[in-house]
Structures are given as C-alpha cells and as structure tokens.
K.L.:
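A single structure is presented below for examination.
Just follow the structure's listing: the first ligand is 1, and inside any ligand the first atom is 1. None of these values were measured; they are calculated from a predicted model. Positions are given from 1 along the sequence.
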Amino acid sequence: MAATLPNVSRPGAYDVERVRRDFPILAREVGGKPLVYLDNAASAQRPLAVLRAVEHYETHSHANVHRGVHALSQAATEAFEGARERVRRFLNARSTKEIIFVRGTTEAINLVAQSYARPRVGPGDEILITALEHHANIVPWQMLREQTGCTLKVAPINRRGELIWDEFERLLSPRTRLVAVAHVSNALGTILPVERIVEAAHARGVPVLLDGAQAVPHIAVDVRALGCDFYAFSGHKLYGPTGIGVLYGREELLAEMPPWQGGGDMILTVSFEHTTYNDLPWKFEAGTPHISGAVGLAAAMDYVEGLGLDAIAAHEHALLELATKELSRIDGLEIIGTAERKAAVVSFTMRDIHPHDIGTILDSEGVAVRSGHHCAMPVMEFFGIPATARASFGCYNTPQDVERLVAALHKAREVFG
Ligand code: PMP
C-alpha cells in the first residue's frame, strides 16, 4: 500500500507532521494504541493556538462585554468585537453588522426560521430544502410548518447522493419563500452546487440560506461571491470551541427582521411600556455571549488560513481518494455517497456487520469513526439502511491513518466472517 500514499511530506508541500504537532490530543493513546481520529465531521480537535487564545483571554482579559467602563470590560469587548471582525474577513462579508454570534449552526437556522421566515410565511407558502439535509436544517422548518401552515418541499437526490437539478428547479415555485440547503452534506460528503442554487433562486426572487457546517473547514467561503442571503456554521467543526457559531445575514434582511430572543444587550432602552432594540448585530445577541468561544473561533480562523484552506482541501482530497480506493477493495464494503464533487467524508456499510459493531471494533484498534444515522435519518431511509459508519478527514490526518482504518476494517471482517 505504501506506493499509493500521496506524497505529502515533500519539502514545500503541506507538512502534515508539523500540523499534527499543533494538536496535542493526537499524541494520546486509546486502549493502548495511538489514536487515529476520523470523526472530524462531528467535531474537529483544537490546535494549541486555539487552546492558548482561550486560556489567554480567560486568564488576562475576562469581564462582561459592552457594559463596563473598566479596563477588563473594555479588553473583553475589544476581544469579542475583534473576533467579529475576524469572522467578517473570513467570510468576506461587507460589514460586521452582518455577523451574528450564535451557539452554532442549529441556533443560526432556528433564528432564520423564527425571525426571517415566520413573519413572512402562511398557508400555501413553501420552504424548499433537499433530501440530504442534517436534522438541523429539517426540524426548524417542520416547526415553522406547525406554527404557520406553510409547506415543506424536499428536492430529491440520486443514488450517488447528488441533488437532482431538474427536480430542484421544478420545485422552485412562485410560492417558494426561502431555499435552505447544505453547502456540504455531513452524511454523504456531497458538495452541493450552491452557486447555481443561489442563481436559480435569486432569478425567482427567492432568498437562500446555506448550512455551511461541513463546508467551512474544507472550502474557502466568500459570502459575497456566493451571493447567499444567510450562511450558518459552527466553530467546533472548524477547529474552534463548541458553543459558538455564526449566522451571516445580508444587512438589508437582518435590518428588517425582529429580534428572536429578548433580554440584555439586545436593547437600547427599556421601560415597562416600551423597549427599543439595539442596532445590528447586537439586536440578535440577547444575554451574555460566549466571549471566550468567539476568541477561540477567531484563533481557529487564523490557524486554518495560516495553513491555507486550499492546501487543506488538497491534502484532504488526496486522503479521500486513497480511502475510497482502499475501502472499495474490502470484501462486502459499500460506500454510501459517491458524488462527483465530495468533501473528505467516507460513509460506508459492510455486509453482515452492523455499523455500530464496526465502530466498536475500530475503537478497540484506536480508530475513532462515527456510526449511526449522522442526524440525517431521511438520507438513511433513502438508501434503505439504518445507519452507516463514517470516516471523515481533517487537516491533521495522514495516509497512515487511512492504513490503520483499512487494517481495522479487515479485522472487523475477520471477526464477523
Ligand atoms: N448541519 C450540518 C450539515 C452538520 O453537519 C451539523 C453538525 N453535525 C449541523 C448542521 C449542526 O451543527 P451544530 O450541532 O454544531 O449546531
């Protein structure tokens, strides 16, 4: 197998061994074996730069933001608002008014459902999603359907896990009020044709929300080039902390939207008779935010841009190709999700072995993969399977990780015959 390893240690090329040294957790063992972490689509590990940025903030600068005149409050506010500017640059948004800090992708999509869509839709109006969405981009629209009587339309996928374009276009109707789709599928790895989706929707005057949870760690995202109206992602899949994420929204839309949670920080004045709301972006940030999370997220953005998102993507793509080739050779193994354009996710089933058993055997070999429905139960239903095992690659994975995965899968095959 050594001959098939991509040459990633060439001088001047992506130096994965150096990258690995930035992630202390990768040095640990699991069950006496060196850890192989292949569950990046669920949550990525954090580099020292992120751990240190959070520690530095907590050690030297913490206080509540936007409220005090004292030095620490000013330092915390500077750190928090500085992080917002870092996110603006990362996404190439026009203004920091367009960057709302939230808990993660899930909260961002719920915010759009409740604050953008709910006041605008009624019976007969349609929200258009696709058949490969994560539950976070399904359930908020079902809740909206219960609240407003609107209809949820689902554009189908083919057996490779690709959006069927003609069907999608056909479902874009005069009653479509919003298109909400994944940029990259977490269960299948499919990269959706988001530019084309935005173009087709906008041609009919329909705004588009992109769920970028799986895209931001692998693809340089430019919201102005994409032209999308909303973009949602989570920090923890981008090598940043949990509990912090971002909703990007075009200022014109955000300005018209009512706040979605009420409380401190999102107001200018409050009396029992009348409250005036704060300006963007704070109108959408009720209560004390996850300040150190924002600081850590900004550090994560510095980190990935330091490595270069294109370099990360090329590295991961080589691993995806290697894994696809090697896994396809294993007796009874079927890869689920074979789209032409894919991010570094390999979902698979094995004849006569339940995905949970695959996960358990791999864990005993020190290899961490995810097994289950990946919060995309309709995708599993479409393929007629209860679950898959899923290996997902990040910036620190190596060809040797693929080799360990393959060896552990052979072991599973031996155990189950
Ligand atoms: N959308 C997609 C495509 C995802 O992969 C995930 C996380 N698995 C989410 C949404 C939800 O992200 P979070 O749990 O961080 O809110």
K.L.:
Determine the interplanar angle of the Trp282 and His66 rings, folded into 0 to 90°, and report it as parallel if under 30°, tilted if 30 to 60°, perpendicular if over 60°.
P.N.:
perpendicular
K.L.:
Please work out whether the ring planes of His135 and His373 are parallel, tilted or perpendicular, with thresholds of 30° and 60°.
P.N.:
tilted
K.L.:
Kindly say whether the aromatic ring centers of Phe101 and Phe80 come within a distance under 6.0 Å.
P.N.:
yes
K.L.:
Would you say the side-chain atoms of Thr105 and Ser234 include a donor-acceptor pair closer than 3.5 Å?
P.N.:
yes
K.L.:
Do the ring planes of His56 and His60 sit parallel (below 30°), tilted (30 to 60°) or perpendicular (above 60°)?
P.N.:
tilted
K.L.:
Could you list, one pair per line, each nitrogen or oxygen of ligand 1 together with any protein nitrogen or oxygen closer than 3.5 Å, giving atom names and the distance rounded to 0.1 Å?
P.N.:
unit_1: ligand 1; atom_1: 1 (N); unit_2: Asp211; atom_2: OD1; d: 3.2
unit_1: ligand 1; atom_1: 1 (N); unit_2: Asp211; atom_2: OD2; d: 2.6
unit_1: ligand 1; atom_1: 5 (O); unit_2: Gln214; atom_2: NE2; d: 2.7
unit_1: ligand 1; atom_1: 8 (N); unit_2: His134; atom_2: NE2; d: 3.2
unit_1: ligand 1; atom_1: 8 (N); unit_2: Lys237; atom_2: NZ; d: 2.7
unit_1: ligand 1; atom_1: 15 (O); unit_2: Ser234; atom_2: OG; d: 2.7
unit_1: ligand 1; atom_1: 15 (O); unit_2: His236; atom_2: NE2; d: 2.8
unit_1: ligand 1; atom_1: 16 (O); unit_2: Thr105; atom_2: N; d: 3.4
unit_1: ligand 1; atom_1: 16 (O); unit_2: Thr106; atom_2: N; d: 2.9
unit_1: ligand 1; atom_1: 16 (O); unit_2: Thr106; atom_2: OG1; d: 2.6

K.L.:
Of the options Lys153, Arg145, Arg118, Arg177, which is the one that meets Asp125 in a salt bridge (charged side-chain N to carboxylate O under 4.0 Å, His left out)?
P.N.:
Arg177
